[in-house]
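Following: one structure in structure tokens, then a few remarks.
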Amino acid sequence: MSLLNIHSGNSRPLQTIDPAAAVAGGDFRLFNRLKTTYSQSGGVISTPAFAQAAAIVGTTPDPCGIFPNASGEENLFNGSEGRTYSGTGVYQLAEGRLGSIGQQVNFTINGMTTPWIWSVIRFDSSGNLSPLDHAIFPTYYVYVNGVLTLPVFPQSPPASFIQFNDSYQRLPVQIP
């Protein structure tokens, strides 16, 4: 499986991003974008409005370079947005995994179902970006106002991710 992972990566992202061009280019596994407004009182958020929101599952590049990219599968909760369970933040969840072809390859090689990958954009009641809540695979890059921020969140070894199954996911009720 490591050979497939080594040769199926997406291109390294640029220092700045044009979200529309990035989506059109399709060179990502997950893409989520969130711009929101809300009122708050005593640290509790009310009436969030989601001005711009996108949670898009990308494709997986063919590791052999023979076939087109394999489509992804959206999780039922992909694109979920709202107040956090605690009421002290707003969030958007992007969640997907390999599509049916990639899942068949994964099952043939590893004998397991394919885990989900996710990332959660979350802002606290003061409008501060909260630490990234994300799956252990793949690498995550975060942009604020179009500029790449640090740190980059590297992926764990592929074997650590592969050991999970389709129950490895993020549910909206798990977002604090």
Side-chain angles (χ1 to χ4, degrees), residues 5-38 40 43 45 48-61 69 71-99 102 114-158 160-162 164 168-176:
N5 284 322
I6 289 170
H7 297 289
S8 71
N10 297 92
S11 300
R12 197 157 187 74
L14 302 173
Q15 288 299 112
T16 60
I17 188 173
D18 171 357
V23 169
D27 190 22
F28 56 86
R29 302 294 169 96
L30 280 177
F31 180 93
N32 58 325
R33 180 177 189 198
L34 181 63
K35 182 176 182 180
T36 182
T37 59
Y38 49 86
Q40 63 92 16
I45 291 175
F50 298 92
Q52 292 180 341
I56 303 165
V57 176
T59 61
T60 300
N69 290 359
S71 64
E73 177 186 357
E74 288 188 20
N75 185 285
L76 173 67
F77 298 106
N78 184 54
S80 295
E81 57 192 32
R83 288 185 336 146
T84 59
Y85 184 76
S86 65
T88 59
V90 293
Y91 74 91
Q92 179 196 50
L93 170 65
E95 188 162 16
R97 64 178 174 183
L98 295 169
T114 304
W116 295 96
I117 58 171
W118 74 84
S119 64
V120 177
I121 296 176
R122 186 175 57 217
F123 294 98
D124 67 19
S125 61
S126 298
N128 299 312
L129 183 64
S130 297
L132 186 65
D133 177 12
H134 61 88
I136 63 173
F137 186 83
T139 302
Y140 296 85
Y141 298 89
V142 177
Y143 291 83
V144 175
N145 297 321
V147 177
L148 183 64
T149 64
L150 294 176
V152 169
F153 300 88
Q155 73 182 37
S156 63
S160 298
F161 178 71
I162 292 166
F164 295 109
Y168 182 70
Q169 63 181 320
R170 179 63 74 223
L171 303 174
V173 298
Q174 296 172 316
I175 300 170

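Everything numeric here is computed off the predicted structure, so don't read it as measured data. Residue numbers count from 1 along this sequence.
- The shortest distance between side-chain heavy atoms of Ser80 and Gln92 does not fall below 4.5 Å.
- Residues satisfying the side chain to side chain donor-acceptor pair (under 3.5 Å) criterion with Ser125, sequence neighbours excluded, are absent altogether.
- Residues Leu34 and Ala53 share a closest heavy-atom pair of CD1-CB, 4.3 Å.
- Side-chain contact check for Ile56 versus Leu30: every heavy-atom pair is 4.5 Å or farther apart.
- Closest non-hydrogen pair, Ala22 versus Ile17, comes out as CB-CD1, 3.7 Å.
- In this view, Tyr140 and His134 satisfy the ring pair (Phe, Tyr, Trp, His ring centres under 6.0 Å) rule, not counting sequence neighbours.
- By the side-chain contact (heavy atoms from CB on, under 4.5 Å) test, Pro115 is found to be paired with Phe161, Phe164, Tyr168, residues two or more places apart in sequence or in another chain being considered.
- Rounding to the nearest 0.5 Å places CG of Asp27 at 7.5 Å from OG1 of Thr59.
- Residues Ser119 and Asn32 approach most closely at OG-OD1, 3.0 Å, considering heavy atoms.
- Residues forming a side-chain contact (heavy atoms from CB on, under 4.5 Å) with Arg33 (at least two apart in sequence, or on another chain): Pro19, Phe31, Gln52, Ala54.
- Defined by atom type and a distance below 3.5 Å, a donor-acceptor pair is missing between the side-chain atoms of Ser130 and Asp124.
- Contact annotation: the side chain of Asn78 approaches that of Val57 to within less than 4.5 Å [non-hydrogen atoms, C-beta and beyond].
- The shortest distance between side-chain heavy atoms of Phe123 and Asn128 does not fall below 4.5 Å.
- Of all non-hydrogen atoms in Thr139 and Gln155, the two that sit nearest each other are OG1-N, 3.4 Å.
- Judged as a salt bridge (Lys or Arg N to Asp or Glu O under 4.0 Å), and not counting sequence neighbours, the contacts of Glu73 are Arg97.
- Here Tyr141 pairs with nothing under the ring pair (Phe, Tyr, Trp, His ring centres under 6.0 Å) rule; sequence neighbours left out.
- Residues forming a side-chain contact (heavy atoms from CB on, under 4.5 Å) with Gln169 (at least two apart in sequence, or on another chain): Asn75, Glu95, Trp116, Leu171.
- Applying the side-chain hydrogen bond (donor to acceptor under 3.5 Å, both in side chains) test to pairs two or more places apart or on separate chains, none has a residue in residues 142-152.
- Within the 4.5 Å cutoff, side-chain heavy atoms of Ser160 are placed close to those of Ile136.
- When the side-chain contact (heavy atoms from CB on, under 4.5 Å) test is applied to Thr84, the partners found at least two apart in sequence or on another chain are Ser86, Thr88, Tyr91, Arg122, Ile175.
- Looking only at side-chain heavy atoms (C-beta outward), Val142 and Phe153 come within less than 4.5 Å of each other.
- For residues 134-148, no residue pair satisfies the salt bridge (charged side-chain N to carboxylate O under 4.0 Å, His left out) rule, not counting sequence neighbours.
- Using a 4.5 Å heavy-atom cutoff, the side chains of Leu129 and Val144 are in contact.
- Without hydrogens or angle criteria, Thr36 side chain to Ala49 main chain gives a donor-acceptor distance under 3.5 Å.
- Sorted by first and then second residue, the pairs that involve residues 129-141 and meet salt bridge (charged side-chain N to carboxylate O under 4.0 Å, His left out), not counting sequence neighbours, are Asp133-Arg170.
- Applying the 6.0 Å contact sphere to OH of Tyr85 captures no more than 12 heavy atoms from other residues, nucleotides or ligands.
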